[in-house]
Amino acid sequence: MLQLIIIFIFLILSAELISRGTEKLEPFMGQGMAGGIIMGLLTALPETIFVIVASLRNQPYVALGSAIGGNVLLFTFGIGFLGIYFYLRWRKNLSINEDYSVEERFLIITTIALAIILFYGHLNVYTAIPLLGIYLYYAIYRVRKFAKEDRDIDEKEVLKAAIYLVIGAFILIIFSDPFVEELASLSKQLGVPTVWLALIISPLAGEIEETLSAIRLAHSYEAGGSLAIFDFVGSKIQNGTVLLGIIGLFSDISIMPGLNELIATLVVNVIAIMILMDKRLGVKESIVLLFLYFLIATMTLYL
């Protein structure tokens, strides 16, 4: 238990550093580039590393669970909790401050690609190349859009941001997997059912740093809630493209063993698209999302 607490403290420190670094980048990079690309990539590092390692060890279904588990949690519980916290902190509904159309468009494209994969029934090199291409195009599009914007760049602030982000990412890489293992061990000792461990505890542990970073941003300043949404969407675009693409590059597998989880991911992607379409996140929507996570987890168990 003590070891779990110590690791959690380091994850809080990681969240603080990544949040501070992203805050410093936002004024001259915009929320799309700072949150959607840079912060999204950093907060998705644990899943990315785990998927690569599992794929190299010829454990594609373990990699698949890690790749998609976070989408269900963050697009329901994560966004819901963020919306409620933001309202309690600022006494208003969360609004997306900057141009969200790019992230919305690529989230839709990613969701369509996932639907096609469900119909196709396999992950292999033929699915990997288009998936990786989607994220590459997303990143290039964001970089080009940033390059066209006329923003003043403070080199000292960029250097500070880089230091925060590198140290935060390093701590995250070191402590994320031990945290998942310790939490899983504690859950088993307490008699938590295995299925709840797989559907709730492990994804929550894997995404804890991203959730902490989001809450830290939402607490720090009003625009931070919007930046957190860009992070959530950007990192989950990566999960649904790059991570599934990596699995396809190393394996040729049927998706049937993970069909329920993939369907759940598709459903929550659609829900996230619909809820964020008006660039607002209300308290009622947030409460519904919190309950929806546990409903989907339960339905996935019994279907």
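We number each residue from 1, following the sequence as shown. This structure is a prediction, so every number in the text was calculated from the model and none was measured.
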Exercise. Considering only heavy atoms from C-beta outward, does the side chain of Lys145 approach that of Asp99 to under 4.5 Å?
Worked result: yes

Exercise. What are the two closest heavy atoms between Phe146 and Phe28, and how far apart are they?
Worked result: CE1-O, 3.1 Å

For this session: Using a 4.5 Å cut-off on heavy atoms from C-beta on, say whether the side chain of Thr22 contacts that of Ile38.
Result: no

Problem set entry | Nearest-0.5 Å distance, CZ of residue Phe86 to OG of residue Ser226 | 8.5 Å

Exercise. Is there side-chain contact between Ile134 and Val242, with at least one heavy-atom pair below 4.5 Å?
Worked result: no

For this session: Tell me whether Leu244 is reachable from Ile112 by hopping between hydrophobic residues (I, L, V, M, F, W, Y) whose side-chain heavy atoms are closer than 4.5 Å.
Result: yes

For this session: Grab the two heavy atoms, one from Leu107 and one from Phe75, that are nearest each other, plus how far apart they are.
Result: CD1-CE1, 4.0 Å

Exercise. Is a donor on one side and an acceptor on the other found under 3.5 Å between the side chain of Ser14 and the backbone of Phe10?
Worked result: no

Seminar exercise, completed: In short, Gln238 meets Gly40 closest at the heavy-atom pair OE1-O, 3.7 Å

Exercise. Same cluster for Leu136 and Tyr126 if Ile/Leu/Val/Met/Phe/Trp/Tyr side chains link at under 4.5 Å?
Worked result: no

Exercise. With a cut-off of under 6.0 Å to the ring centre and 45° to the axis, is Arg105 in cation-pi contact with Tyr141?
Worked result: yes

For this session: Could you tell me whether the side chain of Asn239 reaches within less than 4.5 Å of the side chain of Thr265, counting heavy atoms only?
Result: no

Exercise. Are Met29 and Ile163 joined in one hydrophobic group, where the rule is that I, L, V, M, F, W and Y side chains link up if heavy atoms are under 4.5 Å apart?
Worked result: yes

Seminar exercise, completed: Output for pair (Glu23 CD, Tyr164 OH), nearest 0.5 Å, gives 10.0 Å

Exercise. Any chain of hydrophobic side-chain contacts (each under 4.5 Å) joining Ile237 to Met277?
Worked result: yes

Problem set entry | Main-chain N/O of Gly248 paired to Ser251 side chain as donor or acceptor, under 3.5 Å | no

Seminar exercise, completed: In terms of heavy-atom contacts, Ala214 and Phe232 come closest through CB-CZ, 3.6 Å

Problem set entry | Between CD on residue Glu157 and NZ on residue Lys24, distance to nearest 0.5 Å | 4.0 Å

Problem set entry | Under 3.5 Å: donor-acceptor pair, side chain of Ser55, backbone of Val51 | yes

Exercise. Just by distance, do the side chain of Asn124 and the backbone of Thr127 share a donor-acceptor pair under 3.5 Å?
Worked result: yes

Problem set entry | Side-chain (Ser254) to main-chain (Met256) donor-acceptor, under 3.5 angstrom | yes

Problem set entry | Residue Tyr137 excluded, over 12 heavy atoms near OH under 6.0 Å | no

For this session: For Lys279 and Glu98, indicate whether the former's side chain and the latter's backbone hold a donor-acceptor pair under 3.5 Å.
Result: yes

For this session: Starting from the C-alpha separation in whole Å, work towards a yes-or-no answer on side-chain contact (heavy atoms from CB on, under 4.5 Å) for Arg20 and Arg216.
Result: CA-CA 9 Å; Arg20 284 194 180 190; Arg216 162 66 175 77; 3.4 Å; yes

For this session: Could you tell me whether the side chain of Thr111 and the main chain of Asn269 form a donor-acceptor pair under 3.5 Å?
Result: no

Exercise. Can any side-chain N or O of Arg89 pair as donor or acceptor with the backbone N or O of His219 at less than 3.5 Å?
Worked result: yes

Exercise. Yes or no on side-chain contact (heavy atoms from CB on, under 4.5 Å) for Val125 and Asp252, after CA distance, side-chain angles and deciding distance?
Worked result: CA-CA 7 Å; Val125 68; Asp252 186 345; over 6 Å; no

For this session: Evaluate the side-chain proximity of Leu42 to Leu172: yes if any heavy-atom separation is below 4.5 Å, no if none is.
Result: no

Exercise. Does any non-hydrogen side-chain atom of Ile117 lie less than 4.5 Å from one of Leu131?
Worked result: yes

Problem set entry | Co-membership, hydrophobic cluster, residues Val268 and Val270, 4.5 Å side-chain | no

Exercise. What is the minimum heavy-atom distance between Gly83 and Ser286, and which atoms define it?
Worked result: CA-OG, 3.3 Å

Problem set entry | Phe81 CZ: over 12 foreign heavy atoms closer than 6.0 Å | no

Exercise. If you group Ile, Leu, Val, Met, Phe, Trp and Tyr whenever their side-chain heavy atoms sit less than 4.5 Å apart, what else falls in with Val288?
Worked result: none

Exercise. Taking the six-membered ring for Trp, are the ring centroids of Tyr135 and Tyr138 within less than 6.0 Å of each other?
Worked result: yes

Exercise. Hey, mind stepping through Ile37 and Leu41 against side-chain contact (heavy atoms from CB on, under 4.5 Å) and telling me if it holds?
Worked result: CA-CA 6 Å; Ile37 299 295; Leu41 283 170; 4.1 Å; yes

Seminar exercise, completed: dist Thr110:OG1 -> Leu266:CG (nearest 0.5 Å) comes out at 11.5 Å

Problem set entry | Tyr221 atom OH, neighbour heavy-atom count above 12 within 6.0 Å | yes

For this session: Could you tell me whether the side chain of Leu276 reaches within less than 4.5 Å of the side chain of Glu103, counting heavy atoms only?
Result: no

For this session: Look only at the side chain of Thr241 and the backbone of Leu132, and say whether a donor-acceptor pair between them is shorter than 3.5 Å.
Result: no

Problem set entry | Partner of Ile79 under side chain to side chain contact (heavy atoms under 4.5 Å, CB included), chosen from Leu290, Leu281, Ile84 | Leu281

Problem set entry | Sole residue of Leu227, Leu212, Ile229, Ile18 in side chain to side chain contact (heavy atoms under 4.5 Å, CB included) with Leu217 | Leu227

Seminar exercise, completed: Output for pair (Tyr85 OH, Leu94 CG), nearest 0.5 Å, gives 12.5 Å

Exercise. Is the side chain of Gln31 donor-acceptor paired with the backbone N or O of Ala223 at a distance under 3.5 Å, no angle test?
Worked result: yes

Exercise. If you measure from CG on Leu295 to OG1 on Thr76, what distance do you get to the nearest 0.5 Å?
Worked result: 10.0 Å

